[in-house]
Amino acid sequence: MKLLYKGKAKSVYERDPGTLVMEFRDDLTAGDGAKRETKAGKGAINAGISARLFQVLQDGGIETHFLRFEEPNRHVVKKVEIVPLEVICRNIATGSLVRRYPFKEGQELHPPIVEMGYKSDEYHDPFLNDAIAMALKLCTREELERMREITLRVNDLLKGFLLERGIILVDFKVEFGRWDGRIILADEISPDTCRFWDAETRQVMDKDRFRKDMGEVLEYYREVQRRVLG
Ligand code: TMP
Ligand code: ASP
């Protein structure tokens, strides 16, 4: 297979025209790649979690790029044209939100907050508004509205699914692509791209363990996998 793109945590290959293979690697990065580590098994854990969550979303009526999971660490996906935006949805204030605004750490957000960032390591994924996204010709106004609408639906579906498994969906990041003239969900949904807290103890179960050197990164990823697949 031809390697099309190697990102920080995934490699993308062309399988045949219109179909790609997304390989989840064991690499973990933070700070736009400034901090790097490899954790054996991380790729397969995230591929498994993400496959299950995409299935949940498809069952909930959300159109996605996901076609099938090839164990241990590959997703076969539709080839989409990725919109270079990171769409973030927050149910609880933490992370960059509390660094930028006077929210209290751990404060619940009703309704959830949706923010968008320009996907660029060079510019450090800066948050942007609709006017900037359109002026940069990243997408149209209708596409922005559609991405926000789908993101809130993703939030509702995943929040419920995870809470039944003892996990609070604190916040998450998704990406979208264009396919057959429509906006559909793409990329991955995993502990690398979400914040998950244990519903009882509020223990961190996601990539913040790596970002903040909290230790036991893979142990918690495995626990998320156990609950999501169980
Ligand atoms: P933030 O609080 O650092 O802005 O992160 C919000 C959410 O987005 C959190 O779930 C982590 C996720 N995220 C990514 O998936 N990729 C990124 O590059 C960043 C900065 C955040
Ligand atoms: N996107 C950033 C990186 O991979 C990390 C983050 O999620 O904090 O370097």
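Just so you know, ligand 1 is whichever comes first in the structure, and atom 1 is the first atom listed for that ligand.
- Residue Glu115 places no heavy atom under 4.0 Å from ligand 1.
- Scanning the protein heavy atoms around atom 2 (C) of ligand 2, the nearest turns out to be Asp32 N, 3.6 Å.
- Protein heavy atom closest to atom 7 (O) of ligand 2, with residue, atom name and distance, is Arg211 NH2, 2.8 Å.
- In the model, Gln55 has no side-chain atom that pairs as donor or acceptor with a side-chain atom of Arg68 under 3.5 Å.
- Every N/O-N/O distance between Asp32 and ligand 1 stays at or above 3.5 Å.
- If you number the atoms of ligand 2 from 1 as listed, the ones under 4.0 Å from a heavy atom of Lys207 come out as 4 (O), 5 (C), 6 (C), 7 (O).
- Looking at Asp171 and Cys89, their side chains never come closer than 4.5 Å, going by heavy atoms from C-beta outward.
- The closest side-chain donor-acceptor pair between Arg25 and Ser11 falls under 3.5 angstrom.
- In this structure, atom 20 (C) of ligand 1 has no protein heavy-atom contact shorter than 4.0 Å.
- With respect to atom 10 (O) of ligand 1, the closest heavy atom belonging to the protein is Asp171 OD1, 2.6 Å.
- When atom types are taken as modelled, the side chain of Asp208 and the backbone of Arg211 share no donor-acceptor pair closer than 3.5 angstrom.
- Listed by atom number, the atoms of ligand 2 under 4.0 Å from Gly33 heavy atoms are 3 (C), 9 (O).
- A salt bridge is absent between Arg141 and Glu145; no separation between the charged side-chain nitrogens and carboxylate oxygens falls under 4.0 Å.
- Using cut-offs of 30° and 60° on the angle between ring planes, the pair Phe54 and His75 is perpendicular.
- Looking only at protein heavy atoms, the nearest one to atom 4 (O) of ligand 2 is Thr29 OG1, 2.4 Å.
- For ligand 2 and Gly31, the ligand atoms under 4.0 Å from any heavy atom of the residue are 5 (C), 9 (O).
- Heavy atoms of other residues, nucleotides or ligands lying less than 6.0 angstrom from CZ of Phe127 number more than 12.
- Between the CZ atom in Phe176 and the SG atom in Cys139 there is a gap of 11.0 Å [rounded to 0.5 Å].
- Scanning the protein for heavy atoms near atom 17 (C) of ligand 1, the closest one is Glu86 OE1, 3.8 Å.
- In this structure, Arg211 has a heavy atom closer than 4.0 Å to ligand 1.
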